[in-house]
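Step one of this worksheet: look at the structure below.
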Amino acid sequence: MPRVLIVEDDVAFRARYTAILSTDLSFEVVGSVGTGHEGLAMLGALKPDVVLVDLGLPDISGIEVIRRATATLPDCECMVVTVFGDEEHVLASIEAGASGYLLKDASEQNFLSGIRELIAGGSPISPIIARRLLKRFQPEAIIDPLPSEVMSGVLPEEVAISAREREILMLASKGYNYPEMGKLMGISPHTVTSHVKKIYRKLAVHSRGEAVFEANRMGIIRTL
Amino acid sequence: MNHKNNISVASTRLSFFLGSPPTHRDALSFAACVIFFSFASLVACAPAARAAADNVNPAPRTEALVTHITQAEFLHVASTAPPTSPDEKWQVVSLPDSWSKQQRPRDKVGWYRLTVDFDESLSISPFPVALYFPRATNNIAVFVNGSLLGVSGDIERREVNWNNAQYFVVPSALLRAGSNEVWVRLHPDGFGRAGLSSVYVGDATPIRAMWDRRYFIQNTLLKFITALMLLSGLLAVWIWAKRRTESMFGLFALMCFVSIIRTLHYFVHEFISPLVYLVVPALGIITALQLSFVLRFANEKSPRFERAVWIFVTVASLVTFVVPASSYGLASELYNNAIGLLGIAILWVLVRKLIHKFSPENLLMLLALVVNASFGIHDLANYMELLGFDRLYLLPLGLPFFVFAVAALLTARFVGTLNNFETLNAQLSDRLTKREKQLAASFEQVRELDQQRATAEERQRLMRDMHDGIGSHLMSTLALARMGTLTSHQMSEVLTDCIDELKITIDSLEPVESDLLVVLGNLRYRLGPRLNAAGITLAWAVNDLPPLAYLDAENVRSVLRIVQEAFTNTLKHANAKLITLSTSVDYPKNRILVSVADDGRGLAIVGQHGRGIENMKSRAAKLGGHLEIVSTTGGGTCLSLYLPINQ
């Protein structure tokens, strides 16, 4: 049974999430806190399987909570709950290690199915984000800025997307949904969603690589 | 006539006597050999000779001796052999002896007789004996004790040999102890300044050294100077060809070439007819050229004076061609004196220039021409027999000074140009850097202003959007809520609408880079859940579209509003199960088509929502396209939005 931690400063929303999750007996809400610091403390204490994070926390950014969760709990799924699901917030969360995002105005049904899909390995992707990722994963944009001594030949392969994944991003940017993409590509919708999740993970690794590269360039890290 | 015969007879006898006519070059090489061997034997035999001398009494002469002979006897007779008849009336003369001073006719051969005394010890002297004439004009034949010793050139032919020092080694067999007689047969060849210099006789080594020095200055050095003038002239022509406006270098080149005509007559033996007659005019032309050069150098313009000088020089030069040979000497003397006055004019111009602006180049030019002028005055005096027949002519030696001054001028100009160029370059790059900075700054300013303007415009558009859309929507809802006539379902519907509106606005702010499909796809992504919840399937039948360059945030919102309105109408009124959104391109008509078709009730909506459709149509028109709606009762509604590819 997935154990869920909620980090959300708005009491009403906290109550709403708890209420929605309690309707499904397969979830257990183990904690519900209102600040980032409390969230960080709970991460260590509770070791949850799922964390729902609001980005606009009063003390530290939700991005920081996601980063810590991904770093300390590798099996933990982080989900961002955003107001608009706009590109900037979503990409920042995914780069920090979030596996997907939920919209605050989603209906109870959509909210629950969203969480379930995320746990099952599915992540939503909007056409605008797909288009942005296509540009991010241009071959030269991945390999060139990362010198070999920094990446030691591991990262470029890991962060370069496959032709399949590229095709999925292409179709997603044209507005196709997962079932349609599956049909067009001759694969199941489930396979499409797992591809998207892989893309998200590569994006997180990619951005960590960029961070390492930047740090190395600025002389913060001397050797890897 | 008689005289000429005598000469030809004499030379025939001479050739017969010697086997072949002796030449000056032969005499030289002979002298060189003699010198070399005598020197070698001197070095090799000196100890032996000294040893031998020790055994003999009285002690032999060990110091080199040179006698300067300034007394001679002269006889105007044309014989080819030394006149030995006691009847001849020899006239005692002192050396150097000038024929023009003695007013002797210069077309007759004359004889000199010199007496040289040697003491007893000479016969065993280790030193060879030599004779040296600093100048003999023109050719001479020298006899010692009745035997021919050598000749300076070909007496029979006309030669130009007036300026050569002569050197003869006397074989010891020809000498005798006591009084020796030396005869010199001199052919003046019509030269204005015929005559014989004083004579040096004695040990060959010091005599040779004296002759060497004299020959170098009088002859070899002038050959170097001729080469220098040729080279300088060619260089100046080159400069002038590149800079035609600077006539001073053309004048300098011409002066160099004319001066060669003059320097040649100091050492070329051949009697080259036109060249010889150009020697006197050349001096005037050189001086006039120098004057013209100096006037340009000093930036002085006096064309009338210059023209007068040139007319005078031209006329005077022409006169020298027609003057009879008898008065040629006097004419050239007058000519040279007039030229001397030109020299003073030159110096005057240069002094004024130097006073006006002191510079090392101006000073050098003045000094060079002072040297030239003093040499010229010296030579003038020499020519007028005021300084003695032996004296050297110096004027050609002044030419290198002038060349050096011109070279210094050119160097100064070159260096100055280089320095100016460097300074200019530095200034230019300085100015360029400044200008670049200014440009960058103004560019940055323009860019900032642009950005500010764009931001302001975008803000205005957003404000308008908020005011007309979400704002009025919320206001009317608020009014209804205050009246208490709004159910919570209605309320949440209105708020959902508002949030959707907000999402569209936010999405429209994302850069989509002219890609309409991304915009439509995002709308589907946003509205999909709501359509699903209403039980409506949205079929996606899109074809790739060309980029639409005019798709900025505002235009994106317009397109989104149109399509959203179509969805909303269907959602609310059509009672449809399926909406099909398709896109296609019509390249011939330069447009794309976005169509939204449903399978609902149709037609009715057109009447009911006239105003909404008018809005949609005006939005489409603003985008440069148009909207068509086809609806049949029970056959669904099809909305076609045509947009241009290039607005």
Side-chain angles (χ1 to χ4, degrees), chain A residues 12-13 16 55 81-92 100-114 117 122-136 138 167-185 189 192 196, chain B residues 470 489 492-535 537-545 547 551 553 556 559-560 563 567 579-583 594 596:
Chain A
F13 275 110
R16 183 162 182 255
L55 288 182
V81 193
T82 94
V83 179
F84 293 120
D86 55 295
E87 177 210 42
E88 205 167 306
H89 284 121
V90 170
L91 280 181
Y101 63 95
L102 300 164
L103 291 171
K104 277 197 175 176
D105 64 335
S107 64
E108 286 172 31
Q109 217 94 65
N110 284 344
F111 198 85
L112 271 178
S113 65
E117 266 175 34
S123 301
I125 187 160
S126 79
I128 286 182
I129 289 173
R131 188 173 208 286
R132 175 67 84 92
L133 291 185
L134 264 179
K135 293 192 91 182
R136 273 289 264 282
Q138 303 253 310
E167 202 180 343
I168 285 170
L169 287 177
M170 200 87 87
L171 289 173
S173 75
K174 288 176 186 173
Y176 290 105
N177 61 26
Y178 291 169
E180 285 163 354
M181 283 189 235
K183 219 184 261 175
L184 285 171
M185 295 173 68
V192 176
V196 171
Chain B
I470 229 170
H489 176 71
S492 76
E493 212 166 72
V494 170
L495 288 175
T496 308
D497 278 353
C498 286
I499 291 170
D500 283 346
E501 183 98 26
L502 259 179
K503 282 179 185 169
I504 284 175
T505 305
I506 286 167
D507 286 347
S508 77
L509 296 175
E510 297 293 347
V512 294
E513 287 151 24
S514 320
D515 192 346
L516 185 62
L517 274 191
V518 172
V519 173
L520 294 173
N522 225 58
L523 185 69
R524 180 196 196 191
Y525 185 79
R526 291 296 193 195
L527 299 181
R530 279 186 70 196
L531 292 170
N532 273 343
T537 309
L538 175 55
W540 203 247
V542 293
N543 289 303
D544 283 354
L545 296 178
L551 270 189
V556 164
V559 175
L560 286 177
V563 179
F567 283 165
I579 300 178
T580 307
L581 185 143
S582 57
T583 60
V594 179
V596 181

Point to revise | Toward chain A, the part of B/L581 with a non-hydrogen atom under 4.5 Å | key: neither
Point to revise | A/K174/B/D515 salt bridge by N-O under 4.0 Å criterion | key: no
Review point. Taking all atoms of both residues into account, what is the closest heavy-atom pair of B/D507 and A/I128, and its distance?
Key: O-CD1, 3.9 Å
Check your understanding: How long is the span from the CG atom in B/N522 to the OG atom in A/S173, to the nearest 0.5 Å?
Key -> 10.5 Å
**Study point:** Partner of B/P529 under side chain to side chain contact (heavy atoms under 4.5 Å, CB included), chosen from A/D105, A/L103, A/N110
**Key:** A/N110
Exercise for review: Check whether A/E180 gets within reach of chain B through its side chain, its backbone, both or neither, counting any heavy atom under 4.5 Å.
Suggested key: side chain
Check your understanding: What heavy-atom pair brings A/P127 and B/G521 nearest, and what distance separates the two atoms?
Key -> CG-C, 3.2 Å
Review point. Hey, does A/I125 have a side-chain heavy atom less than 4.5 Å from the side chain of B/Y525?
Key: no
**Study point:** Structural part of B/L520 lying under 4.5 Å from a heavy atom of chain A
**Key:** neither
Check your understanding: So do the side chains of A/Q109 and B/N532 get within less than 4.5 Å of each other, counting heavy atoms only?
Key -> no
